[in-house]
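Some notes on the structure that comes next.
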Amino acid sequence: MNIEIANRLQKLRKENGYSQEELADKLGISRQAVSKWERAESSPDTDNLIVLARLYNVSLDDLLKDTESDQEIRDRVQDRRNDDIEKDTIILTDDEGQTLKIKDGHIQAFNKDGSEHKIDKKKQILVSVADGVVALLTLIGFLVWGMCFDGWEISWTLWVLMPAVMSIFQAIAYKQLTQFVWPCLVTFIYLFIGMKYGLWHPYWFLFITIPIYYIIADPIDKYVFKTKDINED
């Protein structure tokens, strides 16, 4: 119900000398229901409209007549639909003005100027294929190292190395150093040296390089490569 009809209901009630409480008693409803009608938050049902028309001695047409043009009605309906759409949409904007819109499981990326950021499908496919090849080679390496060289005690560390190798292709494809999983590489080296040569100490210092790597890589990504976050691509 639009605000014009809501105002008319309020005006007719007052002209006939009813308070909201009195009108509610006559209709057998709550005062809050009458209040919502007059604030255009809800509409009377058909039975209540008929009773109101008789009570105010007006026709239903007079009670509900709408002076809005067809275009104004269409605009109002469209605005309401847009509001409903926005309620179901999650919008994320980063410091650089790039935006992600998430609705019904679909993600759209927009550049700072409002243009849609197109996703490079070919690049995604190549990275996915490379990941599959790395996973297969890791499995083969694990089995060969274990069975042919009796290296079961150490060969499992290849699974720790695998994410690091996969991330090399990711980092190259999207030109982002921070996409390389440096912690996995460090962990693999530490485990291999420790289990193979028993040099657990002092090689624990390798883990100190993890925060150093990202402290250096992050500004390079932002100010040298000037790339977007991988999640937006």
### Query
Can V51 and D47 be said to form a side-chain contact (heavy atoms from CB on, under 4.5 Å), step by step?
CA-CA 6 Å; V51 174; D47 291 339; 5.6 Å; no
### Message
Hydrophobic cluster membership, with links at side-chain heavy-atom distances under 4.5 Å among I/L/V/M/F/W/Y: are I125 and V134 in one?
### Response
no
### Query
Same cluster for V133 and V127 if Ile/Leu/Val/Met/Phe/Trp/Tyr side chains link at under 4.5 Å?
no
#### Entry: Rounded distance [0.5 Å steps], NZ in K196 versus CG in L191
14.5 Å
### Query
Would you say K123's side chain and Y174's backbone share a donor-acceptor pair under 3.5 angstrom?
no
### Message
Tell me whether the rings of W152 and F142 are parallel (<30°), tilted (30 to 60°) or perpendicular (>60°).
### Response
perpendicular
### Message
If I compare all heavy atoms of L185 with all of A164, which pair ends up nearest, and what's the gap?
### Response
N-CB, 3.8 Å
### Message
Distance check, rounded to the nearest 0.5 Å: F207 atom CZ versus T209 atom OG1?
### Response
8.5 Å
### Query
Is the CG atom of D45 crowded by more than 12 outside heavy atoms at less than 6.0 Å?
yes
### Query
Is I210 reachable from I212 through a run of I, L, V, M, F, W or Y residues, each pair having side-chain heavy atoms under 4.5 Å apart?
yes
### Side-chain heavy atoms of Y18 within contact of Y56, under 4.5 Å
yes
### Message
Can you confirm whether V165 sits close enough to F188 that some side-chain heavy atom of one is under 4.5 Å from a side-chain heavy atom of the other?
### Response
no
### Message
To the nearest 0.5 Å, what is the distance between CG on L52 and CG on L12?
### Response
9.0 Å
### Query
Checking R31 side chain against A24 main chain: does a donor-acceptor pair fall under 3.5 Å?
no
### Query
Is there a donor in the side chain of S35 and an acceptor in the side chain of R39, or the other way round, less than 3.5 Å apart?
yes
### Query
Y214 and P219: which non-hydrogen atoms are nearest, and at how many Å?
O-CD, 4.3 Å
### From N16 atom CG to K14 atom NZ, the distance as rounded to the nearest 0.5 Å
13.0 Å
### Query
Counting heavy atoms not belonging to F205, are there more than 12 under 6.0 Å from its CZ?
yes
### Task
Return the minimal non-hydrogen interatomic distance between A40 and A6, and the atom names on each side.
N-CB, 3.7 Å
#### Entry: Nearest non-hydrogen partners of L177 and Y213, listed with the distance
O-OH, 2.7 Å
### Message
Measuring only between side-chain heavy atoms, which start at C-beta, is S43 closer than 4.5 Å to W37?
### Response
no
### Query
Do you know which two heavy atoms are closest between S59 and A53, and how far apart they sit?
C-CB, 4.3 Å
### Query
Is there a chain of hydrophobic side chains (I, L, V, M, F, W, Y, each step under 4.5 Å between heavy atoms) that links W182 to I168?
yes
### Summary
Rounding to 0.5 Å, atoms CD1 (I3) and CD (E41) come to a distance of 9.0 Å
### Query
Measuring from T157:OG1 to Y190:OH, what's the distance to the nearest 0.5 Å?
14.0 Å
### Query
Hey, any chance Y223 and I215 share a hydrophobic cluster, counting ILVMFWY side chains that come within less than 4.5 Å of each other, even indirectly?
no
### Task
Starting from the C-alpha separation in whole Å, work towards a yes-or-no answer on side-chain contact (heavy atoms from CB on, under 4.5 Å) for L60 and L49.
CA-CA 7 Å; L60 282 174; L49 286 172; 4.0 Å; yes
### Query
Closest heavy-atom contact between M195 and E153?
CE-O, 2.7 Å
### Task
May I ask you to say whether E22 pairs ionically with K26, meaning some side-chain N is under 4.0 Å from a carboxylate O?
no
### Query
Is there a side-chain contact between P44 and L27 (heavy atoms, below 4.5 Å)?
no
